[in-house]
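Residue numbering restarts at 1 for every chain, and letters A, B, ... go by the order of the sequence lines.
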Protein chains: 2
Amino acid sequence: MNLKELAELLGLSQTTVSRALNGYPEVSEATRTRVQRLAQAHNYSPNARAKGLATGRAHAIGHVIPISGSHEMVNPVFGDFISGVGEVYAREGYDLMMSVVPSDDELPAYRDMLARSSVDGVVLHAPMMDEPRIALMRELGLPFIVHGRASNEAKPYAWLDVNNKSAFLRASDFLLDLGHRRIALINGDESKDFAHRRREGYLEALAARGLTPEPALMRSSEMTEVFGYQSARDMLAGANPPSAFLAASMITAIGIRRAIEDAGLRMGRDISVVTFDDDLSYLKNGSDVPIFTACRSSVRSAGVQLAEMLLRQIADPSAPPETRLLEVELIAGRSTGPVRV
Amino acid sequence: MNLKELAELLGLSQTTVSRALNGYPEVSEATRTRVQRLAQAHNYSPNARAKGLATGRAHAIGHVIPISGSHEMVNPVFGDFISGVGEVYAREGYDLMMSVVPSDDELPAYRDMLARSSVDGVVLHAPMMDEPRIALMRELGLPFIVHGRASNEAKPYAWLDVNNKSAFLRASDFLLDLGHRRIALINGDESKDFAHRRREGYLEALAARGLTPEPALMRSSEMTEVFGYQSARDMLAGANPPSAFLAASMITAIGIRRAIEDAGLRMGRDISVVTFDDDLSYLKNGSDVPIFTACRSSVRSAGVQLAEMLLRQIADPSAPPETRLLEVELIAGRSTGPVRV
DNA sequence: CAGATTAACCAAAGCGCTTTGATACACTGT
DNA sequence: ACAGTGTATCAAAGCGCTTTGGTTAATCTG
């Protein structure tokens with residue numbers, strides 16, 4: 001069923017039918033309802049490609065998902081984030097176009113999306129401190145928003161980020177207040193901006209108490225369970241082990257916990273752990289009292305807000321780029337306690 | 001840069017340029033290379049919508065992601081699966097179109113994708129035993145493939161599934177061989193087909209040894225950490241606790257492990273655990289010796305194979321629907337041991 | 001060397017929609 | 001009675017591509 005057939009069936013021109021369906025005023029209410037009825041009855045939806053061709057708008061948002069080279073690693077927050085943006089897209093009649101590419105091929109993937117004009121805007125994931133994609137987006141003139149920030153980017157751009165620095169500053173303070181002095185940082189990949197900011201927060205907290213950071217207590221890599229486990233195991237086996245850990249994700253924290261227990265210690269009593277919690281749907285931080293003391297910030301809600309910001313920008317490209325910094329909640333759980341002497 | 005401009009620049013007709021780029025034989029090699037060169041130089045890619053309109057093919061595959069009603073729960077395997085299919089799509093020049101919808105709105109979402117003809121085929125996720133989407137796909141005449149199976153579907157359809165029944169049969173046998181007789185099943189949501197099959201495998205293994213399943217030792221829900229924890233905690237606190245657990249996912253197993261340790265017991269020594277392991281990139285089952293004894297089957301690899309099957313079907317819709325049953329590997333880890341007497 | 005074939009190209013139609021610019025037909029107000 | 005103003009409709013162009021059905025000139029047959 002296409003517009004032409006529908007128009008013939010109604011004895012109207014395509015123009016009128018199109019206008020009736022798209023809510024233009026120059027159509028009588030009587031005809032409009034008649035048109036809508038029949039369209040409904042025949043399950044008519046305009047062909048997205050034809051509509052796009054005619055209007056020049058794709059009504060789709062692009063997400064390019066880079067797969068970290070060798071590991072083919074997918075970010076575990078991905079599902080929840082997509083569910084957040086997807087909800088908004090669905091509500092606003094936008095499609096979600098995804099492109100999974102090896103990290104190296106990422107830039108061409110964006111170029112291609114634009115050249116083929118299959119999207120009206122894109123979301124940039126996991127920015128690095130120096131983020132070449134931002135310059136590319138500007139060059140292409142494609143509306144975009146960054147999930148996170150790129151510290152070394154001078155000019156303004158739209159972004160939504162959680163306050164990673166303040167989160168880790170507060171988390172570190174929490175542990176310091178409990179008397180911990182040897183706090184290990186099990187960070188995410190520090191070429192990524194978010195991890196760099198978290199480290200800054202951690203360092204600032206230590207500095208404020210006159211403590212010198214110890215390289216042996218700082219690690220950074222992709223946030224897997226195994227990475228958390230191995231880091232914690234190694235550190236706990238060292239000559240001068242930490243009394244607390246600061247973890248970059250629930251998954252890493254679970255690995256840390258495993259190492260603590262393998263060492264015959266108990267989390268929360270012998271060793272404290274604070275983690276960053278993205279509040280993932282499949283990985284809630286306990287039910288009543290949280291398992292981990294954590295900086296919590298729902299990545300799903302971030303997705304919702306980010307999508308709304310991007311759609312606003314597409315609707316009015318002349319407006320200055322919106323930015324939003326989300327504060328985390330620091331919630332006390334059972335994984336922390338005063339340092340043991 | 002569009003075809004018309006490119007043709008003018010080359011002093012050729014649009015027809016010839018189009019044919020040159022699409023590899024038709026009726027173009028001299030000299031012109032072809034000249035065209036390709038200039039196209040490359042100007043970063044020309046044909047407009048996807050116009051191409052789609054003209055050819056009637058979208059060159060896109062649809063994935064409809066249902067969000068379980070109240071919980072807004074996203075399957076944790078989602079990211080890895082998408083990364084698998086996405087790799088194939090990228091390689092074959094297909095786009096990935098995603099639609100996130102509340103479970104109830106799922107059927108209309110498919111209808112809509114077809115009506116707007118924005119996809120050439122779709123992937124059905126997480127089928128139930130009675131799966132209405134299959135009938136809908138047939139009615140719509142849209143090529144599709146199911147990730148999993150729908151037990152109560154009589155007519156043939158394309159699917160790729162892991163052998164869930166044999167996996168849980170073998171896992172149960174493994175525990176039974178170790179002397180365990182009270183084995184708890186912490187299953188996924190049994191309205192879903194995969195969970196139902198797993199339960200069948202479990203029951204069959206018990207029956208083969210003349211054991212009667214105990215309702216108190218069987219639970220089924222969404223596979224979260226908290227669900228694993230609560231189930232195991234309750235069962236361990238019961239009068240006649242199980243000596244082993246069979247878990248439906250790594251996440252659930254991690255919850256079970258937490259309950260075991262909270263009860264002052266040790267996994268692998270006091271209580272055994274076998275889990276299903278989707279081999280997620282961010283949640284590897286340990287590094288050298290696996291943490292959990294597990295049925296392993298990479299969901300990413302499943303995605304790759306499934307995408308290839310679907311694209312073959314789109315290329316040749318008259319071919320009978322392909323099906324593929326993947327066997328899991330049963331790998332021994334540190335979470336299992338002989339029953340303690 | 002006339003006629004058939006082939007190689008290389010092109011003009012124009014068509015995919016299904018939106019949108020521009022008309023048109024036809026009431027109504028007003030003077 | 002007449003220009004003026006809405007109101008409700010339509011025909012046709014155009015979005016950027018592919019593809020059908022040519023045309024032309026060169027090459028091959030017998």
Distance (rounded to the nearest 0.5 Å) between B:S13 OG and B:L3 CG: 8.5 Å
Would you mind reading off the distance between A:R49 atom CZ and C:dG14 atom P, rounded to a whole angstrom? 19 Å
Base-contact (B) and sugar-phosphate-only (S) positions in nucleotides 17-27 of chain C, heavy-atom cut-off under 4.0 Å, - elsewhere: BBBBB------
Less than 4.0 angstrom between a side-chain N/O of B:S28 and OP1 or OP2 of C:dC9, yes or no? yes
Side chains of B:I61 and B:L310 in contact at under 4.5 Å (non-hydrogen atoms): yes
Which atom of B:Y282 lies closest to which atom of A:V74, heavy atoms considered: CD2-O, 3.5 Å
Check this for me, if you would: do B:D193 and B:R149 make a salt bridge, where the nitrogen-to-carboxylate-oxygen distance has to be below 4.0 angstrom? no
The single option from B:E139, B:E106, B:E153 passing salt bridge (Lys or Arg N to Asp or Glu O under 4.0 Å) against B:R133: B:E106
Ignoring hydrogens and geometry, is there a side-chain-to-backbone donor-acceptor pair from A:E131 to A:M128 under 3.5 Å? yes
Can you list every salt bridge (charged side-chain N to carboxylate O under 4.0 Å, His left out) pair that touches residues 27-40 of chain A, not counting sequence neighbours? A:E29-A:R32
Axis-to-axis angle across the helix from C:dC1-D:dG30 to C:dT30-D:dA1, five pairs an end, to 10 degrees? 40°
Can you label the angle between the B:H125 ring and the B:F81 ring as parallel, tilted or perpendicular, going by 30° and 60°? perpendicular
How long is the line joining CD of B:E8 and C1' of C:dA11, in whole Å? 14 Å
Expressed in angstrom and rounded to an integer, what is the separation of B:E26 atom CD from C:dC9 atom P? 10 Å
Whole Å only: how far is the CZ atom of B:R34 from the C1' atom of C:dC9? 12 Å
Quickly work out the B:L53 CG to C:dA13 P distance and round it to whole Å. 18 Å
What is the separation between atom CG on B:L21 and atom P on D:dG16, rounded to the nearest whole Å? 16 Å
